[in-house]
Amino acid sequence: MSGPVILGFGDGSLAGVVHSDAGGLLLHSGEVMPAGDPRIEPEATGWRATGDGGLDLVFEPLGDPAEFADGTREWLCRARGMAAGIEVDVLGNAVVEPTPPRRPKRFGLERSISAWLSEELGVALRARRPARAKHHEAEELAGFVLRGSPPGPHPIDEPRLSTAYAGDGRHRRAGLELWEDEESEYPLRLAGEALGEGDLELADGMRLRCAFLVWRYAGRVGAGRYDIVLPGS
């Protein structure tokens, strides 16, 4: 049985995320604001997100999903329609989590990172740090490059993630180093810059902190998100 659906989109100047169980956020004109009671409905080939304030977007997967060990699936998508009253045709992602979310009762940190750079290139990464672990080296990381036409998932053996935070704990920058296979001469290196972030309250009492990023790779400029699941306040 499928669980919560999370839909994200953006091109840097306008971005958003809609969570079927927790509402949504929009980044517009440099500010993050609530999306206004958004709803997600299944479509024949994807999902539709609607809500107050001029939100009406259809998300269509471009290829097969990345499938993580916990049952989570993530697609690279095309998102078309209206957001904040503006007509958009941008890239994004769709995430379907298992039911119930397979989150241990005690955990230290749970993160997910998404990047979409073109219709033929995206990245999906998830990391979980066990409870009481003090260092990032203890994290379990799994990642995929979504590549090709149509884009298909290519697992990454040892993804590397770095994050820089501001003094108030907010995201500033992130970096990814991804070796697709042992024969690769160079890894994919992506640099992300945070544009803004906000929190959503999840149904299980946890908080989902969503940071909207601009990603750069080999002269390409894309967008994406950096999400962290935190204990509720």
Side-chain angles (χ1 to χ4, degrees), residues 1-28 32-68 71-99 101 112-126 144-153 195 197-198 200 202-203 208 210-215 221-227:
M1 181 182 296
S2 62
V5 177
I6 304 99
L7 304 175
F9 68 95
D11 62 1
S13 60
L14 176 65
V17 59
V18 179
H19 194 296
S20 61
D21 291 347
L25 298 168
L26 287 175
L27 170 73
H28 182 42
V32 177
M33 63 197 78
D37 192 26
R39 299 166 295 281
I40 296 176
E41 299 289 342
E43 293 272 297
T45 59
W47 301 267
R48 189 184 198 111
T50 58
D52 301 336
L55 177 66
D56 189 352
L57 288 173
V58 173
F59 290 75
E60 183 176 356
L62 296 172
D64 293 332
E67 298 192 36
F68 293 88
T72 298
R73 292 171 292 159
E74 181 168 342
W75 291 260
L76 180 64
C77 293
R78 171 64 66 176
R80 295 184 174 94
M82 302 291 291
I86 300 171
E87 186 172 357
V88 296
D89 184 351
V90 296
L91 294 173
N93 73 330
V95 178
V96 177
E97 296 182 339
T99 299
S112 59
I113 294 88
S114 302
W116 40 87
L117 296 147
S118 74
E119 290 193 346
E120 299 179 358
L121 183 61
V123 172
L125 178 72
R126 301 180 79 83
F144 294 84
V145 173
L146 298 160
R147 180 189 288 279
S149 180
L195 301 175
E197 64 183 68
L200 295 173
L202 300 177
L208 180 64
C210 304
F212 300 101
L213 275 70
V214 169
W215 287 102
V221 179
R225 270 195 343 278
Y226 191 134
D227 295 347

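Just so it is clear, the values below take in all heavy atoms, side chains as well, and ignore hydrogens, waters and symmetry mates.
In plain terms, the two heavy atoms of Leu208 and His19 that are nearest each other are CD2-CD2, 3.9 Å. Closest non-hydrogen pair, Leu7 versus Ala94, comes out as CD2-CB, 3.6 Å. For Pro38 against Val18, the heavy-atom pair with the smallest separation is CB-CG1, 3.6 Å. In terms of heavy atoms, Gly46 sits closest to Pro61 at CA-CD, 3.9 Å.
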Exercise. Would you check, one step at a time, whether the test side-chain contact (heavy atoms from CB on, under 4.5 Å) holds for Asp227 with Cys210?
Key: CA-CA 5 Å; Asp227 295 347; Cys210 304; 3.6 Å; yes
Self-check item: Worked check of side-chain contact (heavy atoms from CB on, under 4.5 Å) between Glu60 and Glu43
Solution: CA-CA 9 Å; Glu60 183 176 356; Glu43 293 272 297; over 6 Å; no
Practice problem: Would you check, one step at a time, whether the test side-chain contact (heavy atoms from CB on, under 4.5 Å) holds for Asn93 with Arg225? | Solution: CA-CA 10 Å; Asn93 73 330; Arg225 270 195 343 278; 3.4 Å; yes
Exercise. Take Ile6 and Val17 through the test side-chain contact (heavy atoms from CB on, under 4.5 Å) and record every step on the way to the result.
Key: CA-CA 7 Å; Ile6 304 99; Val17 59; 3.6 Å; yes
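Glu120 CD to Leu76 CG: the interatomic distance, rounded to the nearest 0.5 Å, is 10.0 Å. The CG atom of Leu125 sits 8.5 Å away from the OH atom of Tyr226 when rounded to the nearest 0.5 Å. A distance of 4.5 Å separates CZ of Arg80 from CG of Asp89, quoted to the nearest 0.5 Å. Between Asp37 atom CG and Thr50 atom OG1 the span is 9.0 Å, to the nearest 0.5 Å. Note that the CG atom of Leu121 and the CG atom of Leu146 stand 8.5 Å from one another [nearest 0.5 Å]. Rounding to the nearest 0.5 Å places CG of Leu14 at 7.0 Å from CG of Leu26.
Residues Glu67 and Pro153 are not in side-chain contact: their nearest non-hydrogen atoms beyond the backbone lie 4.5 Å or more apart. At least one side-chain heavy atom of Arg78 sits less than 4.5 Å from a side-chain heavy atom of Leu91. No side-chain heavy atom of Asp21 sits under 4.5 Å from any side-chain heavy atom of Leu202. Side-chain contact between Met82 and Val88: absent, with no pair of heavy atoms (C-beta onward) separated by less than 4.5 Å.
A donor and an acceptor atom, one from each side chain of Glu119 and Ser149, are nowhere located under 3.5 Å apart.
Between Trp215 and the choices Val221, Ile113, Val123, the side chain to side chain contact (heavy atoms under 4.5 Å, CB included) rule is met once, by Ile113.
Under the rule for a side-chain contact (heavy atoms from CB on, under 4.5 Å), the partners of Thr72 that lie at least two apart in sequence or sit in another chain are Phe68, Asp70, Val95, Glu97, Pro98, Arg126.
Less than 6.0 angstrom separates the ring centroid of Trp75 from the ring centroid of Trp47.
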Run the side-chain donor-acceptor check on residues 51-59: report pairs under 3.5 Å with partners two or more places apart or on a different chain.
| unit_1 | atom_1 | unit_2 | atom_2 | d |
| --- | --- | --- | --- | --- |
| Asp56 | OD1 | Arg48 | NE | 2.8 |
| Asp56 | OD1 | Arg48 | NH2 | 3.1 |
| Asp56 | OD2 | Arg48 | NH2 | 3.2 |

